[in-house]
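Take a look at the structure set out below.
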Amino acid sequence: MAAQLQLFFLCIFSFYSGFLQADHLETYIVQLHPNGITRPSFSSKFHWHLSFIHKAISSEEDSASRLLYSYRSAMEGFAARLSKLELQTLQRSPEVIAVRPERRIELQTTYSYKFLGLNPTANGNAIGAILKSGFGRGAIIGVLDTGIWPESPSFSDDGMPPVPKKWRGICQQGEDFNSSSCNRKLIGARFFTKGYRAASKSLSTDVAVEYVSPRDGQGHGTHTASTAAGTPVQMANVLGNGAGEARGMAPGAHIAVYKVCWFSGCYSSDILAAMDVAIRDGVDILSLSLGGFPVPLYENTIAIGSFRAMERGISVVCAAGNNGPIQSSVANEAPWIATIGASTLDRRFPAIVQLGNGKFLYGESVYPGKGIPNAERKLEVVYITTGGQKGSEFCLEGSLPTAKVRGKMVVCDRGVNGRAEKGQVVKKAGGAAMILTNTAINLEEDSVDVHVLPATLIGFDESVLLKSYINSTRSPMARIIFGGTVIGKSRAPAVAQFSSRGPSFSDPSILKPDVIAPGVNIIAAWPQNLGPSGLPEDNRRVNFTLMSGTSMSCPHVSGITALIHSAHPQWSPAAIKSALMTTADVTDHLGKPIMDGDHPAGLFATGAGHVNPIRAINPGLVYEIQPMEYVIHLCSLGYTRSEVFSITHRNVSCHEIVQKNRGFSLNYPTISVMFGPRMTGKMIKRKLTNVGNPNTVFSVDVMPPDGVKVRVKPRQLTFTHTNQTMSYRVWLMSRRRNGSEGTNFAQGSLTWFNSRQRSNRVRSPISVTWASK
Ligand SMILES: *[C@@H]1O[C@H](CO)[C@@H](O)[C@H](O)[C@H]1NC(C)=O
Ligand SMILES: *[C@@H]1O[C@H](CO)[C@@H](O)[C@H](O)[C@H]1NC(C)=O
Ligand SMILES: *[C@@H]1O[C@H](CO)[C@@H](O)[C@H](O)[C@H]1NC(C)=O
Ligand SMILES: *[C@@H]1O[C@H](CO)[C@@H](O)[C@H](O)[C@H]1NC(C)=O
Ligand SMILES: *[C@@H]1O[C@H](CO)[C@@H](O)[C@H](O)[C@H]1NC(C)=O
Ligand SMILES: *[C@@H]1O[C@H](CO)[C@@H](O)[C@H](O)[C@H]1NC(C)=O
């Protein structure tokens with residue numbers, strides 16, 4: 001629902017902006033027929049692309065000044081600045097197959113490696129394969145983000161192997177960045193400004209330093225790159241909290257950064273340009289911690305660029321988005337992309353509020369409370385809801401009257417402005433401490449932040465208690481007791497409240513997200529000129545900070561993908577994704593179901609489960625998918641020939657394909673079925689490829705979804721040799737006549753067990769939805 005609303009607004013906006021000013025220039029991504037360049041008169045694709053602009057623009061203007069990017073690997077076509085009229089002229093060319101307006105996309109804003117079992121000292125056997133792979137040795141992860149802080153100790157190249165021979169990337173020079181910024185860890189760096197410049201007219205902002213180079217002025221890209229492949233750093237901590245070794249998931253892998261995100265966002269023409277060149281540079285994995293609400297596949301340039309990347313054997317890993325718990329909010333949901341949701345760790349940073357009446361309220365915060373005099377002192381508490389400026393309950397800039405907050409502990413509701421920013425506002429107004437209170441939207445989710453004054457964040461239940469205490473007491477008092485870092489005391493992993501949920505908006509037959517991975521309170525590298533709160537006023541200096549979001553989950557899986565890639569260099573992106581999904585955990589560390597708030601998590605929150613790198617290295621069997629099978633899948637979904645063409649660059653007759661492939665099922669590692677009003681059953685085909693030992697027997701075990709009968713044939717698969725493929729069929733029969741009984745959703749699973757080694761299991765969740773009449 002929300003997704004449709006958002007698309008609706010985008011449409012209205014672009015309509016009016018074009019309508020009001022006929023000669024106003026906008027950025028468009030123009031897709032061309034790949035075989036369109038027939039006349040030999042063009043010496044290159046670039047000249048061919050220029051010729052379209054030349055024909056379309058009436059003035060004597062230089063066409064090259066209008067061409068932003070010329071694409072050939074991620075997509076066939078170019079990005080250009082055009083007026084509505086020029087666009088109409090251009091669209092008349094038969095070679096033009098699609099035109100998409102520029103889209104602005106947002107970022108989806110250590111210990112986590114130990115949590116995932118990747119501790120090299122832990123247990124020798126299980127980790128053998130990863131050791132043998134050299135922790136991702138030789139793999140190249142391309143990170144599309146805000147750039148990188150190359151001097152961070154996380155990007156030291158101590159012990160790194162030489163740059164792989166196949167690497168063709170560069171270390172692009174720019175503001176405070178030159179070739180000596182790269183090394184054997186950071187092997188490539190580029191930046192893409194044209195789409196952003198065209199949209200915002202300038203690169204300089206007053207907000208903070210925006211380096212016109214691959215250097216990271218925001219911190220997000222430094223954080224995500226180090227999560228994927230950061231070099232181990234001892235005694236990493238955030239102002240004394242969370243101290244321990246920090247390292248990426250694949251410390252043996254190389255990093256190539258593509259800076260596509262600037263202060264005002266990430267623009268689709270820049271993202272596509274980065275994917276275009278990254279494919280040629282020779283990356284093995286693309287990591288994109290960005291997205292928003294879902295858009296149809298044929299409008300989605302990330303989906304289109306990823307298809308080409310996948311055809312070249314490059315795995316594309318993307319954030320699912322931070323729009324949970326709204327249903328169908330999962331973004332980046334193309335079936336050839338690995339879509340990653342967020343989970344919590346079992347690490348807590350307690351900062352407990354003790355009220356004047358002796359009661360305790362649990363809260364969390366990263367503040368070096370023990371080290372700072374008076375940080376824990378008792379103060380008067382104020383919650384300013386009236387009498388101040390508008391928005392004082394949220395502690396908006398300029399809303400707090402100094403006379404009322406000076407020297408006090410100020411209560412601020414979560415929402416509207418940034419959490420760390422609220423602390424800055426309280427501090428500026430003369431407040432001495434802050435209690436951030438969750439509202440009914442965030443419930444009990446703790447997103448811990450680094451604050452510029454003593455502060456804590458409490459859940460919704462606690463905030464109700466706090467406010468009624470304040471309301472009923474003449475002179476309410478409180479103190480915050482900082483508890484440092486506590487590990488292993490809480491139940492985890494659980495689904496993060498903000499993690500975007502399925503079912504997939506564009507393709508409900510594919511269960512999304514694919515897996516979840518740690519994304520709450522993740523400690524990773526941080527620019528050395530930025531304070532840990534990320535606020536421009538914060539002049540504390542750190543090498544690490546804490547961030548939360550599916551932005552943080554995505555690079556965990558990008559790193560694990562590098563581990564699998566270097567252990568099995570010949571595996572396709574589909575095989576690697578299958579390994580990640582079929583071995584994922586469905587229970588938490590207590591062996592109980594993974595929770596989502598106060599209830600067990602459903603498949604639309606977890607996908608196949610919580611990623612388990614140790615098991616993913618040796619899955620035994622994989623669900624392989626050839627690029628052409630995605631094309632058949634799109635045709636079966638009812639996409640038109642031209643839509644399929646613009647997504648996949650393959651010109652096929654969908655009519656013929658559907659005729660020839662009756663009853664086709666995409667060989668996806670999860671099973672997702674929708675029963676229409678009069679449907680009683682559905683048959684699904686799958687095929688498994690043996691990537692383990694020869695002479696292995698697997699038997700099936702089914703947990704049928706409620707109200708569904710499941711039959712599998714055959715019930716045993718005997719693989720005599722490695723690389724052998726075997727098929728099976730699943731019949732799902734609804735025992736409900738219509739969707740009116742109980743809920744319209746049920747879930748189960750289908751698991752193949754290795755008969756000799758039952759711990760080797762290949763699990764596929766089954767989701768069933770009954771369409772409402
Ligand atoms: C490159 O940058 C480094 C460190 O910022 C500086 O010492 C060096 O002189 C620069 N080299 C060139 C060629 O600009
Ligand atoms: C505080 O008390 C007032 C009046 O008694 C009431 O209207 C309000 O809802 C209370 N607020 C909270 C947060 O308890
Ligand atoms: C950050 O790392 C650098 C290089 O390893 C080190 O010299 C510096 O002391 C570190 N800074 C902090 C605040 O730990
Ligand atoms: C696709 O192929 C058909 C039949 O071969 C042809 O008529 C059509 O022009 C092609 N379309 C594109 C976009 O290439
Ligand atoms: C399996 O196939 C891969 C890729 O085609 C090949 O590299 C590998 O050697 C094969 N393994 C066996 C045991 O045949
Ligand atoms: C089907 O739906 C109708 C209307 O909601 C309901 O009255 C009927 O009982 C349902 N049929 C069955 C077999 O459950």
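Counting starts at 1 for both ligands and their atoms, in listed order. Everything numeric in this text was worked out from a predicted model, so none of it was measured. What you see below is based on every heavy atom in this structure, not just the backbone, and it leaves out hydrogens, waters and symmetry mates.
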Going by atom types alone, do [X] and [Y] pair a side-chain donor with an acceptor below 3.5 Å?
X	Y	answer
Ser287	Ser558	yes
Ser365	His451	no
Thr583	Asn612	no

- Task: Pull out every atom of ligand 5 sitting under 4.0 Å from any heavy atom of Gln570, numbered as shown with elements.
- Result: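 Close to Gln570: 3 (C), 4 (C), 7 (O).
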- Message: At less than 4.0 angstrom from any non-hydrogen atom of Thr722, what atoms of ligand 5 do you find?
- Response: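 Selected atoms, number and element: 13 (C).
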- Task: Note the single closest protein heavy atom to atom 13 (C) of ligand 3, along with its residue, its atom name and the distance in Å.
- Result: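 Of the protein heavy atoms, Arg541 O, 3.6 Å lies nearest.
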- Item | Nearest protein heavy atom with distance in Å, relative to atom 11 (N) of ligand 5 |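 Result for atom 11 (N) of ligand 5: Asn723 ND2, 3.1 Å.
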Flag: protein heavy atom within less than 4.0 Å of [atom]:
atom	result
atom 5 (O) of ligand 1	no
atom 9 (O) of ligand 3	no
atom 2 (O) of ligand 5	yes

- Query: Hey, which atoms in ligand 3 end up nearer than 4.0 Å to a heavy atom of Pro153?
  - Reply: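 So the answer, numbered in order with elements, is 2 (O), 5 (O).
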- Query: Any N or O of Asn178 that comes nearer than 3.5 Å to an N or O of ligand 1?
  - Reply: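 Asn178 vs ligand 1: N/O contact under 3.5 Å present.
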- Item | Proximal candidate to atom 12 (C) of ligand 3 [heavy atom criterion; set Val238, Val233, Asn543] |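 The residue whose heavy atom sits nearest atom 12 (C) of ligand 3 is Asn543.
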- Would you please classify the geometry between the Tyr630 ring and the Phe307 ring as parallel, tilted or perpendicular, with 30° and 60° separating the classes?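 The rings of Phe307 and Tyr630 stand perpendicular, inter-plane angle above 60°.
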- Query: Do other residues, nucleotides or ligands put more than 12 heavy atoms under 6.0 Å from the NZ atom of Lys165?
  - Reply: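 Atom NZ in Lys165 is not crowded, with 12 or fewer foreign heavy atoms closer than 6.0 Å.
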- Please report the C-alpha distance between Asn521 and Ser548 in whole Å, then the side-chain angles of each, then the deciding distance to 0.1 Å, and finally whether the side chain to side chain donor-acceptor pair (under 3.5 Å) criterion is met. CA-CA 5 Å; Asn521 306 333; Ser548 296; 3.3 Å; yes
- Query: Would Arg215 count as a cation-pi partner of Trp149, with NZ or CZ less than 6.0 Å from the six-membered ring centre and within 45° of the ring normal?
  - Reply: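 Judged by the rule (NZ or CZ under 6.0 Å from the ring centre, within 45° of its axis), Arg215 counts as positioned above Trp149.
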- Answer with side chain, backbone, both or neither: which part of Glu151 has a heavy atom less than 4.0 angstrom from an atom of ligand 3?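 The answer is neither.
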- Task: With heavy atoms of Ser180 as the reference, note each atom of ligand 1 found under 4.0 Å away.
- Result: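 Counting from 1, the qualifying ligand atoms are 1 (C), 2 (O), 3 (C).
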- Verdict with supporting geometry, Lys427 and Asp538, salt bridge (charged side-chain N to carboxylate O under 4.0 Å, His left out): CA-CA 11 Å; Lys427 191 178 179 186; Asp538 187 357; over 6 Å; no
